Amino acid sequence: MSLSTTPTAAEAELAVQARQAQAKSDGYWAGVFKRVRRDPVTIACGSILLLMLLAMIFAPLIAPHDPYQGSMIRRLRPIGTPGYPLGTDELGRDILTRLLYGGRLSWFMGITPVALAFVIGGTLGIVAGYVGGKVNMAIMRTTDVFYAFPSVLLAVAISGALGAGIENAILALTLVFIPQIIRVSESVTQGVRNLDFVDAARASGASGFTIVRVHVLGNVLGPIFVYATSLISVCMIIASGLSFLGLGTKPPEPEWGLMLNTLRTAIYVQPWVAVLPGVCIFVTSICFNLLSDGLRQAMDVKG
Amino acid sequence: MAFYLLRRILYAIPIALAVGFVCFMLVQIAPGDPINAIVPPDAPADVVEQVRKDYGLDKPLPVQFGLWLWKVVHGDLGRSLATGRPVWADLSTGIQNTLMLALCASALGFTLGCILGGLAGTFRGSFIDRAAVSTAVAGVSVPHYWLGMVLVVIFSVQLNWLPAMGAGPGGSADWSWDWEHVKHLILPAVTLSVIPMGIVTRTVRGIVAEIMNQEFITALRGKGLTRWGVFTHVVKNAAPNSLAVMGLQLGYLMGGSILVETVFSWPGTGLLLNSAIFQRDLPVLQGTILVLAMFFVTLNLIVDLMQTALDPRIKRA
């Protein structure tokens, strides 16, 4: 009896080890993907965002009307008007059409500044964290100055001084987010810099650039990226806010914040039509926020 | 600790100077000649030249900054291009109105955030926790200017309970604590409070959950302390960080109230900024931003100092 059981136990042991090795070789990203797949909230938010993105890309095919073509005889129709499912705006343009087209600019202005800040701020932060010393001093103390402004105020100040326009708004927002990303990437890089494998690489004679490229980058990009995704929601709200103030997009360009602004006068006539662009901003922003939370958990990033 | 406090106060000085420099540069980066920020566009050429000399705008940039700083330190923020009045005259009433709005919104947001966050942290994983976390996510994700519009639609247009704009009957900017005025404050304050509510909820939840997991809480429970007794211990440990977060939020609200003030035509700094932007009234823009940023720098300093004083565990050197 004992002869027959012993090999089975050993086999089982081997099988367990093999499975563990298999799981390890699956790699980090497979694990992340697996965790994301099990998270219904993240999946739902990702799907909503994907759907919105597709709707915006194919807006010319889906949209029932021309986004610029107004008409004085059908101004401010209510929701559910035949042919105009979400009503018309103060110039008689179809709201559904303008929402579909408007998302393009709103998303563009919400994502571009964060992407730019991710590249610029990430680079500066990694340099500050890895090089240290005087370079760190110079970069981090400059960052402190921009931190001394509340972000909305800084964005309004810069784009207010430069004047209205999409480029100016994007420039202002990029400047708002660079310091925030620098802070995070600097502290993450400092954490990695003192780890044993970096010391080992340095001892083996690798150059600073090689160490950063091979050993540091792979370990800091994840956390910086997750942090950057959490900024998209804020960026979208502020970007639409700038347009709402008349600082971002200029009429007649469709953009959610600007639509909200021009429809503001209509809240006594068609209140529920007037608040629709805000619903779009809200849904996008909440989905990006939850998606970022899900990514943070799946990628096991602390903080 | 005294050394830390001193160093922290001294460090605020270069920051304040640098913030001043950024505000000074705002006029420089504006398209066109900075002289346009001082003289009206239809002024004759010789007057423009005279003003340029008087203001030192023919001198190099660092000298100009010095001159500008000298004036600002002496309380001279220049004159508004649109009204010709000193910038500070309009700004002082604006600041009072904004500060009152921001204080009410912070108080409301902080109270709600502490209740929600405290409950969520105590009953982690429960239905209450999920509800509180969802509310917090909604609070930080909502475009608050839109929320303001929705509240106006519901409470002013549909129900006709509360006024939609202004800070008092007849559009007066003078404040007094009677119902007619408070009525005007409710909607803007509620609108502005959702952001700190969300952030405070998240923070307090994290702090409380961490404290509840610590051994001393188990020990306190083990020795038979009542729920209320344990609660006081949790509050004492959670207070310094929560208050610090709230202090910073007050600063963000002061700077970020421009959108809500625009929605409700609240006569504060935001409305001032808004009209300054549209009239290209650069002195008003510069002055308002400078004062708000300085307020934020000071608030940051106070929060840091208070946190050190409140929390004996922080021994900074």
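Here is how names work: the chains are called A, B, and so on, in the same order as the sequence lines, proteins then strands, and each is numbered from 1. Note that the structure is predicted; figures quoted are calculated from it, not measured.
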Can a donor-acceptor pair be found, under 3.5 Å and without considering hydrogens, that links the side chain of [X] to the backbone of [Y]?
| X | Y | answer |
| --- | --- | --- |
| B:Arg280 | A:Ala161 | yes |
| B:Glu261 | B:Leu271 | yes |
| A:Asn168 | A:Gly163 | yes |
| B:Arg205 | B:Gly117 | no |

Among [options], which residue forms the greatest number of heavy-atom pairs with chain A at distances under 4.5 Å?
| options | value |
| --- | --- |
| B:Ile277, B:Val153, B:Ile15 | B:Val153 |
| B:Val297, B:Leu285, B:Leu273 | B:Leu285 |
| B:Asn300, B:Leu299, B:Val263 | B:Val263 |
| B:Thr262, B:Val157, B:Val19 | B:Val19 |
| B:Gly251, B:Gly256, B:Gly270, B:Ala138 | B:Ala138 |

Side chain, backbone, both or neither: which part of [X] has a non-hydrogen atom closer than 4.5 Å to chain B?
| X | result |
| --- | --- |
| A:Phe149 | both |
| A:Asn289 | side chain |
| A:Asn261 | neither |
| A:Val283 | neither |

Side-chain touch [X]/[Y], heavy atoms, less than 4.5 angstrom:
| X | Y | result |
| --- | --- | --- |
| B:Val284 | B:Ser275 | no |
| B:Gln249 | B:Ser106 | no |
| A:Trp256 | A:Leu260 | no |
| B:Ile95 | B:Val291 | yes |

Region of [X] in contact with chain A, defined by heavy-atom distances below 4.5 Å:
| X | answer |
| --- | --- |
| B:Val152 | side chain |
| B:Phe295 | neither |
| B:Gln286 | neither |

Which one, A:Phe244, A:Phe288, A:Tyr268, leads in non-hydrogen pairs under 4.5 Å with chain B?
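With the most close heavy-atom pairs to chain B, the winner is A:Phe244.
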Looking only at heavy atoms and a cut-off of under 4.5 Å, which of A:Gly241, A:Cys287, A:Ser233 has the most pairs with chain B?
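Max contact count across the listed options: A:Gly241.
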Taking the ring of B:Trp68 and the ring of B:Phe21, is the distance between their centroids below 6.0 Å?
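No, they do not, as the ring centres are separated by 6.0 Å or more.
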